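Working notes for the structure below.
Here the structure is a predicted model, which means the values were calculated and not measured. The sequence lines fix the lettering, A, B, ..., with proteins before strands; numbering per chain opens at 1.
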There are 2 protein chains.
Amino acid sequence: MFSIGLGLFLFQYVNNKDAGTDRMKEIAGWIQEGSRAFIKTEYKYLGIFVAVMTVALSAFLGVKIGITYVFGTVLSALAGVIGLEIAVKANVRTANAARKGGLSAAFPIAFRGGAVMGLMVVGLALAGISIVYWITGDPDILLGMSIGASTLTLFMKAGGGIFTKTADIAADLVGKIELGIPEDDPRNPAVIADNVGDNVGDCAGSGADLFDSYIAAIMAAMILGASSQIPYLVTLPLVFAGLGIIASIIGILLVRVGKEGADPGKSLNMGTYTTTLVFGVLTYAVTMYLGYDIKIWYANIAGLLAGIVIGMTSDYYTSINRSPAIKTAEASQTGAAISILTGFSYGLISCFPALLGIGIGAAISFSLYGVYGIGIAAVGMLSIAGIIIAGDAYGPIGDNAKGIAEMAELGDDIVDITDEIDAAGNTTKAITKGFAIGAAGLTALALLASFQEIVMSITGEPIVFNLMNPLVMMGIFIGMSIPVIFSAMIILGVSKNAFRMIEEIRRQFREIPGLIEGTGKPDYNSCINIATVGALQELLPLIVFSIVSTLVLGFVGGIHALGGYLSGAIFSGFFLAILMANAGGLWDNAKKYVESGNFGGKGSDAHKAAVIGDTVGDPFKDTAGPSLNTLVTVMSQIASLFAPLIVVYALLG
Amino acid sequence: MFSIGLGLFLFQYVNNKDAGTDRMKEIAGWIQEGSRAFIKTEYKYLGIFVAVMTVALSAFLGVKIGITYVFGTVLSALAGVIGLEIAVKANVRTANAARKGGLSAAFPIAFRGGAVMGLMVVGLALAGISIVYWITGDPDILLGMSIGASTLTLFMKAGGGIFTKTADIAADLVGKIELGIPEDDPRNPAVIADNVGDNVGDCAGSGADLFDSYIAAIMAAMILGASSQIPYLVTLPLVFAGLGIIASIIGILLVRVGKEGADPGKSLNMGTYTTTLVFGVLTYAVTMYLGYDIKIWYANIAGLLAGIVIGMTSDYYTSINRSPAIKTAEASQTGAAISILTGFSYGLISCFPALLGIGIGAAISFSLYGVYGIGIAAVGMLSIAGIIIAGDAYGPIGDNAKGIAEMAELGDDIVDITDEIDAAGNTTKAITKGFAIGAAGLTALALLASFQEIVMSITGEPIVFNLMNPLVMMGIFIGMSIPVIFSAMIILGVSKNAFRMIEEIRRQFREIPGLIEGTGKPDYNSCINIATVGALQELLPLIVFSIVSTLVLGFVGGIHALGGYLSGAIFSGFFLAILMANAGGLWDNAKKYVESGNFGGKGSDAHKAAVIGDTVGDPFKDTAGPSLNTLVTVMSQIASLFAPLIVVYALLG
């Protein structure tokens with residue numbers, strides 16, 4: 001509650017700042033309008049999906065699940081709307097503050113804009129869980145709410161991901177390549193869609209992503225706690241999550257840039273480290289004070305450390321001034337193919353510390369406190385979600401501020417300041433992205449454990465997922481293929497959707513008189529609409545496929561096959577998520593390294609090669625990669641929800 | 001024995017054909033000389049490696065294992081040498097027969113050259129196993145021989161893969177791009193290395209690859225049979241393998257092209273299908289006659305069918321006239337990035353039927369006859385290795401024949417005939433490659449089962465690899481990372497090695513007078529030497545790493561962690577092998593589709609984009625992808641060999 005209150009206060013703080021010149025207000029207005037158009041269209045379609053799901057869940061699993069499902073979707077939708085609203089207000093105000101007061105004035109607005117998102121998301125999530133648990137007293141009912149949040153997140157994250165890359169690719173291909181007009185040129189009908197894409201993909205999408213993992217982790221830990229006969233284990237996750245919010249608030253308030261020339265990236269990271277430390281201290285104090293088992297605290301810390309390892313790995317493998325990015329940039333001199341191979345190879349290598357981190361982290365937390373240990377490790381990682389989301393949402397605000405500064409022609413000095421704010425966002429993003437994937441990986445393991453607990457509580461018998469059981473083995477192989485197909489189809493969806501939008505851009509340049517000369521006004525909204533509807537068209541069959549294949553496998557192969565299937569999806573999903581996020585970030589920064597004057601600089605052959613690598617990486621890191629967590633979460637929860645029916649009606653097993 | 005005899009007879013048949021003009025003999029001589037130089041250098045280094053391994057194995061596991069280890073390496077080395085020798089004889093004779101008697105004269109020479117390799121490999125393998133088993137009567141001792149074959153194969157396959165792509169990339173970058181001289185131009189010092197690469201990578205490598213899976217599958221099934229108390233289960237794999245050789249011989253003898261204009265590709269596939277059918281009938285008859293359990297025969301057929309599904313999937317996703325390749329070619333019109341993304345996506349999708357096939361195939365064969373069912377399914381798939389290898393080895397012979405025809409300037413008509421022979425090889429290759437990966441996947445599962453049996457026979461207790469056991473889960477995550485790192489490092493190794501060779505080519509053009517004018521003679525062997533030594537330098541640390549990490553994980557984490565680790569390696573290894581083979585083949589054929597006049601044809605922007613895709617795919621399909629099977633096999637066998645020590649001395653578990 002306090003978190004929501006502070007969130008609203010910071011919202012007012014940002015909203016009261018001046019939005020700048022009329023031209024700036026006009027451009028920001030377009031972005032705001034476009035974002036709202038996206039949300040409106042998306043939520044219209046989602047309304048139908050949610051209605052169908054609610055009816056189906058209510059029919060098969062009871063009205064309680066149906067109601068909590070709707071509640072979960074509403075909360076998730078709310079989190080998305082709030083994130084977008086604050087982002088489109090903060091971006092222009094950041095640009096204006098840079099114009100008036102320089103970096104030290106602009107930075108807090110951008111960051112506090114992100115903080116609104118962070119605080120509101122964790123506040124809403126924790127309040128939602130507490131209310132449902134307070135009313136029902138049954139952690140299993142939380143599954144309905146959690147899957148409501150997850151399905152909506154999958155639409156926002158993956159749909160936003162398709163949207164943003166559609167706009168990006170289409171705007172570049174027609175604008176830069178066919179017509180030779182600069183990036184972020186207001187004459188290009190896709191340019192507002194491109195800016196809207198940053199908001200819906202990165203800002204609303206990432207917020208919803210962590211929102212979903214956050215709820216799922218707390219719920220899984222509560223379910224595991226409920227089966228343990230120790231009463232405090234059920235509420236402990238809520239307590240730890242609450243402490244995480246307090247730690248995040250402290251961290252957020254500490255983030256500031258004192259004087260001109262200070263590095264905003266360092267300041268952001270300081271905030272994250274402070275939060276982690278405060279969280280560790282607070283949970284230790286409460287553990288001692290309330291007499292919790294100290295082993296639970298250790299498991300909690302094991303999760304936190306695993307998250308930091310994965311985040312730092314991502315940072316190393318994607319940073320612009322580290323060897324992988326520089327070597328990839330260097331390889332660009334011998335052409336695009338070698339550049340792509342080099343970046344892809346480093347992406348593969350970057351999976352090693354992450355796989356090691358999650359494997360050892362899970363093993364340690366399990367050996368400390370059984371499956372509940374895994375649950376609490378996931379909660380531990382996600383408890384500091386408040387500041388992680390704040391840092392994540394800061395990125396697109398800075399990016400947009402730069403775009404507005406360029407489009408409104410505020411001059412090079414101002415663009416440079418917004419550029420610095422933007423660059424800091426890129427560094428933070430790598431760390432938070434790694435952190436989010438790691439957290440989702442542990443959450444998925446906790447969900448697998450809670451699936452097992454739910455099955456055991458139904459049958460009353462212990463269940464073992466033996467690797468040498470043919471059904472388990474078959475389940476693993478089939479489960480592995482779901483994230484693989486999902487990422488392939490979603491990448492193909494981006495190309496298909498981009499072609500639709502390219503047609504529309506060409507049509508506008510052909511039919512709107514004076515557009516290329518700058519006297520005609522492009523129809524921004526038709527581009528936004530095409531990207532939105534197209535994204536949903538590509539996505540809907542995939543989401544239905546992943547839900548249906550989970551149910552088919554469960555009802556045909558039975559519980560053992562389903563356990564293997566969920567494990568397989570975790571294995572390939574986690575691996576691909578890390579690979580795509582890191583390789584994509586790496587190619588992006590290799591390109592930036594060349595652009596900053598190395599190996600021939602902008603316009604050289606090396607630059608052309610690096611741009612190809614970056615374009616390959618775009619849907620990796622912004623569309624497919626980040627959707628996989630949520631996909632696996634949805635699959636696990638569908639399995640848990642339908643476990644009672646599957647136990648009874650399965651064909652085999 | 002009969003197989004070896006027929007192999008020798010066909011060798012004579014090919015050898016007695018005329019090798020053509022002096023110019024042809026000269027060029028073929030260079031290739032032959034280069035191949036021998038490669039083998040000589042490689043085997044010199046391998047001698048040291050084998051000596052160290054033999055001492056280590058003898059010290060820890062007894063002299064018997066040491067001796068069989070050496071025996072296995074010698075057989076594997078022999079198979080490699082024979083494959084190379086026949087390939088470098090058959091290529092020039094194929095080109096000459098094309099010159100004299102057209103397609104119907106040339107085709108049998110190319111195919112029978114491949115058949116020599118196929119028959120010798122399976123003959124040597126089966127004879128070797130039979131001899132060791134006849135002397136010792138202990139299937140466990142076969143592990144020594146099997147791992148001998150596997151380690152050598154890993155060197156030949158991965159080393160050959162690095163070698164061939166090193167030469168390919170270096171020859172193209174300096175020759176085509178820097179100097180503008182055509183492909184296969186004898187002035188280019190790397191051109192012979194490029195042709196040698198086709199032989200050592202595709203021919204010797206693939207032969208050794210199936211040699212290794214073949215031995216491992218038979219051995220694993222024998223070990224599983226030995227633990228079953230039913231005596232005939234131990235020798236049954238040998239019987240089925242023998243029947244497979246007979247079926248292969250029948251299939252090989254049926255492959256011929258009756259008249260001009262017939263399609264050699266169809267003829268090759270007919271041979272494979274006939275062999276499969278004959279094998280099914282023969283094993284059924286023997287099962288009935290000897291009173292074997294009919295369920296074993298069903299398991300055998302399940303394996304065969306899984307192999308065919310995987311092979312046909314590979315065929316569909318890589319064929320030049322199918323939708324994936326055409327769509328990837330079409331995407332090349334919008335640039336290299338979209339082309340790569342499209343091909344990569346189809347590569348991911350192609351994993352679905354393969355994962356489904358191996359998952360369901362393993363489950364069915366297991367439910368028919370337990371772990372032995374999986375073993376016999378693998379044997380079933382590999383029994384027709386004779387004709388599979390023949391088809392595989394046919395490819396580089398045709399490729400080389402075309403190269404010789406071009407270099408010796410035999411005229412367009414002759415080049416067209418060799419081109420047809422070459423093209424048929426590409427189709428067959430996709431099927432056989434998919435088949436080989438599928439067979440290796442089932443073999444790996446059988447090895448995992450035999451690892452479990454070995455552990456149980458040591459401890460006398462049942463062992464369960466429970467997914468929710470933290471050590472197993474940790475093992476899976478760590479095991480998954482080994483093939484991931486291996487493929488990344490090997491791809492990076494290709495680039496590094498290519499740079500060494502580029503320096504050498506530039507040096508020769510700088511220092512050898514008259515080289516570019518065609519009057520000076522390039523030093524082909526120094527290029528071959530650099531590629532060979534460089535390949536081994538890149539590879540040796542990786543192989544040591546994979547062996548050491550298996551031992552470290554086993555001795556630290558214990559048997560449960562090791563079981564998880566091997567499973568994890570199978571999961572990621574199988575997935576990456578399929579992905580890389582199919583995506584690589586797809587990009588290759590998308591390029592060929594553009595080259596045959598579509599979307600702008602040769603020299604267009606689409607072609608340039610498709611070439612980039614093809615270059616990315618080259619180390620995927622020819623270096624990293626095909627090595628992963630063998631890597632997993634080596635890891636599994638090391639684990640089985642050291643199981644007795646790990647059970648006693650492990651730190652955890």
Side-chain angles (χ1 to χ4, degrees), chain A residues 169 173 331 334-338 340-342 344-349 351-352 355-356 358-360 362-363 366-367 371 445 448-449 452 464-468 470-478 480-481 484-485 487-489 491-492 494-495 563-564 567-568 571-572 575 612-613 615-616 619, chain B residues 169 173 331 334-338 340-342 344-349 351-352 355-356 358-360 362-364 366-367 371 445 448-449 452 464-468 470-478 480-481 484-485 487-489 491-492 494-495 563-564 567-568 571-572 575 612 615-616 619:
Chain A
I169 292 174
L173 276 181
T334 37
I338 308 290
I340 286 171
L341 284 170
T342 308
F344 190 76
S345 301
Y346 281 114
L348 287 173
I349 294 172
C351 298
F352 180 58
L355 287 164
L356 216 66
I358 194 117
I360 294 177
F366 185 97
S367 51
V371 284
L445 289 176
L448 180 64
Q452 194 192 20
V464 167
F465 297 122
N466 181 3
L467 272 175
M468 300 309 292
L471 288 172
V472 173
M473 190 53 101
M474 182 188 75
I476 293 176
F477 279 108
I478 298 177
M480 278 180 72
S481 69
V484 170
I485 292 183
S487 31
M489 295 303 290
I491 293 172
L492 290 176
V494 169
S495 325
S567 312
F571 300 149
S572 68
F575 163 62
I612 293 177
T615 313
V616 170
Chain B
I169 292 174
L173 276 180
T334 36
I338 308 289
I340 286 170
L341 284 169
T342 308
F344 190 76
S345 300
Y346 281 114
L348 287 173
I349 294 173
C351 298
F352 179 58
L355 288 164
L356 216 66
I358 194 118
I360 294 177
I364 289 177
F366 185 97
S367 50
V371 285
L445 289 177
L448 180 64
Q452 194 191 22
V464 167
F465 297 121
N466 181 2
L467 272 175
M468 299 310 292
L471 289 171
V472 173
M473 191 53 101
M474 183 188 75
I476 292 177
F477 279 108
I478 299 177
M480 277 181 73
S481 69
V484 171
I485 293 182
S487 31
M489 295 303 290
I491 293 173
L492 290 176
V494 169
S495 323
S567 312
F571 300 149
S572 68
F575 163 61
I612 293 177
T615 313
V616 170

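- In this structure, the portion of Ile476(B) lying under 4.5 Å from any heavy atom of chain A is its side chain and not its backbone.
- Contact count versus chain A (heavy atoms, under 4.5 Å) is highest, among Asn466(B), Val464(B), Ile612(B), Thr615(B), for Asn466(B).
- For chain A, the nearby part of Ile338(B) is the side chain; its heavy atoms alone come within less than 4.5 Å.
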Determine, step by step, whether Ile478(B) and Leu356(A) satisfy the side-chain contact (heavy atoms from CB on, under 4.5 Å) criterion, reporting the C-alpha distance in whole Å, the side-chain angles of both residues, the deciding distance to 0.1 Å, and the verdict.
CA-CA 6 Å; Ile478(B) 299 177; Leu356(A) 216 66; 3.6 Å; yes
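- Interface summary for chain A: among Ile358(B), Val494(B), Ile364(B), Val472(B), the most heavy-atom pairs under 4.5 angstrom belong to Ile358(B).
- The residue among Ala337(B), Ala331(B), Ser572(B), Pro619(B) with the most heavy atom pairs within less than 4.5 Å of chain A is Ala337(B).
- Every residue two or more places apart in sequence or in another chain that forms a side-chain contact (heavy atoms from CB on, under 4.5 Å) with Ser345(A) is listed here: Ala488(B), Ile491(B), Leu492(B).
- Options Ile169(B), Ile349(B), Val371(B) differ in how many heavy-atom pairs under 4.5 Å they form with chain A, and the most are formed by Ile349(B).
- Between chain B and the residues Phe344(A), Phe571(A), Tyr346(A), the most heavy-atom pairs under 4.5 angstrom are made by Phe571(A).
- Of the listed residues (Gly564(A), Gly359(A), Gly613(A)), the one with the most heavy-atom contacts under 4.5 Å to chain B is Gly359(A).
- Rounding to the nearest 0.5 Å places CE of Met473(A) at 5.0 Å from OG of Ser567(B).
- Nearest heavy-atom pair across Leu445(B) and Phe477(A) is CD1-CE1, 4.1 Å.
- Annotation for Leu467(A) and Gly563(B): closest pair CD1-O, 4.4 Å, computed over non-hydrogen atoms.
- Heavy atoms of Ile360(A) lying under 4.5 Å from chain B belong to its backbone as well as its side chain.
- In this structure, CZ in Phe366(A) is found 6.5 Å from CE in Met468(B), a value given to the nearest 0.5 Å.
- At a 4.5 Å heavy-atom cutoff, the contact between Ser495(B) and chain A is made by side-chain atoms alone.
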